[in-house]
Amino acid sequence: MKVLVIGGAGYIGSHVARRLLDSGHTVTVFDNLSSGLRINLFPGAAFIHGDILRYEQLRAAMRETGAQAAVYLAAFKAVGESMVKPEKYSVNNIIGTIHLLNAACETGLKNIIFSSSAAVYGEPKYLPIDEKHPTNPENYYGFTKLEIEKFLGWYDRLKGIRCAILRYFNAAGYDVDGRIKGLEQNPANLIPAIMEAACGMRRELQIFGSDYDTPDGTCIRDYIHVSDLAAAHVLALDYVSGNDKSLTVNLGSETGSSVTEVLETARRVTGREIPAKITGRRAGDPARLTASAALARDLLGWKARYSDMETLIRTSWAAYHTN
Ligand code: UFG
């Protein structure tokens, strides 16, 4: 299938583009390179340097490539920043997706794979979180994701555009075959922060709170390998195009790891000391988040293969160590 990967030069986008190519799809990456990197582009994929906020550019890209499907991975995703600069998130995430949907209507593109987030759920009412869990985002980033999910639902009903909504838990790791070279710029997430501390790119890891109601006092999250996420995108594309039907699924490993456990695994795998300091809690962090991925298993036949902490750290370290 001809697939437009919007944001395909970014961290998750490049892994998805790689996996689509490996599965025999014809891929065009559409990216404004604001955080995506040229080094993440593959010779097997075409590239259009374009911006999702420039409606004509996006529509032209769909027309010129004859895209039958689009994967949308061009959103801003820093939770903290979204609370300070909601305008930025409104324009890029919400208006960007409306452009995508309208351009799809105009060009006859029928399948969209959308990166949503566990942030749509907010503070967990029960664990593990399944797709029936109430949605009540506690940050503006999560709010934009939930609003977009609603737009997608309406365009499904009104325009027959089928959509896979993939609610990621904590994406981490690098391509298991080491083919992605570009490192995320100014990462705020835990595993890249640990990697930067391990390489001396930052002085130390700050551990945001050790007084949570968890066995070691640090927050527990469900880390899911990007190679597993990428595989899910390809399966989701097969599902929506093959069944002419939309779906919403969680993507997580169904395993919880605390900040201390992640750090200790990183120290062991890298053989580095990795300086760390406990600081105060970060606002808005729930103590525990873990996914139920049963629905993705049932509908897509998907299962996390690379999301054990050892592999998450080993592949991250391979990327940081060599690049
Ligand atoms: N943490 C630290 N130090 C750091 C960075 C993070 O201690 O330098 C801690 C956080 O406090 C948290 C855990 O590590 O307890 C994970 O934090 P991340 O920032 O890596 O990830 P979040 O769980 O906050 O959020 C991530 C994505 C969101 C997504 C969410 C879904 O960034 O987009 O997972 O679970 F919505």
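Atoms within a ligand are numbered from 1 in the order they appear, just like the ligands themselves.
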Original post:
Taking the six-membered ring for Trp, are Phe114 and Tyr72 parallel (under 30°), tilted (30 to 60°) or perpendicular (over 60°)?
Top reply: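 Phe114 and Tyr72: parallel rings.
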Exercise answer, ligand 1 polar atom pairs (N/O) under 3.5 angstrom:
from     : atom 1 : to     : atom 2 : distance (Å)
ligand 1 : 3 (N)  : Gln206 : O      : 2.7
ligand 1 : 7 (O)  : Gln206 : O      : 3.3
ligand 1 : 7 (O)  : Phe208 : N      : 2.9
ligand 1 : 11 (O) : Asp285 : OD2    : 2.6
ligand 1 : 17 (O) : Arg282 : NH2    : 3.4
ligand 1 : 19 (O) : Asn189 : ND2    : 3.2
ligand 1 : 19 (O) : Arg282 : NH1    : 3.2
ligand 1 : 19 (O) : Arg282 : NH2    : 3.0
ligand 1 : 20 (O) : Asn189 : ND2    : 3.2
ligand 1 : 20 (O) : Leu190 : N      : 2.8
ligand 1 : 21 (O) : Asn170 : ND2    : 3.1
ligand 1 : 23 (O) : Asn170 : ND2    : 2.9
ligand 1 : 23 (O) : Arg221 : NE     : 2.8
ligand 1 : 24 (O) : Arg282 : NH2    : 2.7
ligand 1 : 32 (O) : Asn189 : ND2    : 2.9
ligand 1 : 34 (O) : Asn170 : OD1    : 3.2
ligand 1 : 34 (O) : Asn170 : ND2    : 3.3
ligand 1 : 35 (O) : Asn170 : OD1    : 2.7

Original post:
For Leu53, what residues pass the side chain to side chain contact (heavy atoms under 4.5 Å, CB included) criterion, not counting sequence neighbours?
Top reply: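 Per chain and number, Leu53 pairs via side chain to side chain contact (heavy atoms under 4.5 Å, CB included) with Asp51, Val91, Asn92, Ile95.
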Subject >> Ring centres under 6.0 angstrom apart (Phe76, Tyr89) >> reply: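 Yes: the rings meet the under 6.0 Å criterion.
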Subject >> Distance-only side-chain donor-acceptor flag, Thr311 / His225, under 3.5 Å >> reply: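 Note: Thr311 and His225 side chains miss the donor-acceptor criterion.
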Subject >> Distance-only donor-acceptor check, side chains Tyr155 and Asn102, under 3.5 Å >> reply: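 Asn102 and Tyr155 do have a side-chain donor-acceptor pair below 3.5 Å.
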Original post:
Is the shortest distance from a Lys or Arg side-chain nitrogen in Arg281 or Asp211 to a carboxylate oxygen in the other one below 4.0 Å?
Top reply: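 Counted as a salt bridge, because a side-chain N and a carboxylate O are separated by less than 4.0 Å.
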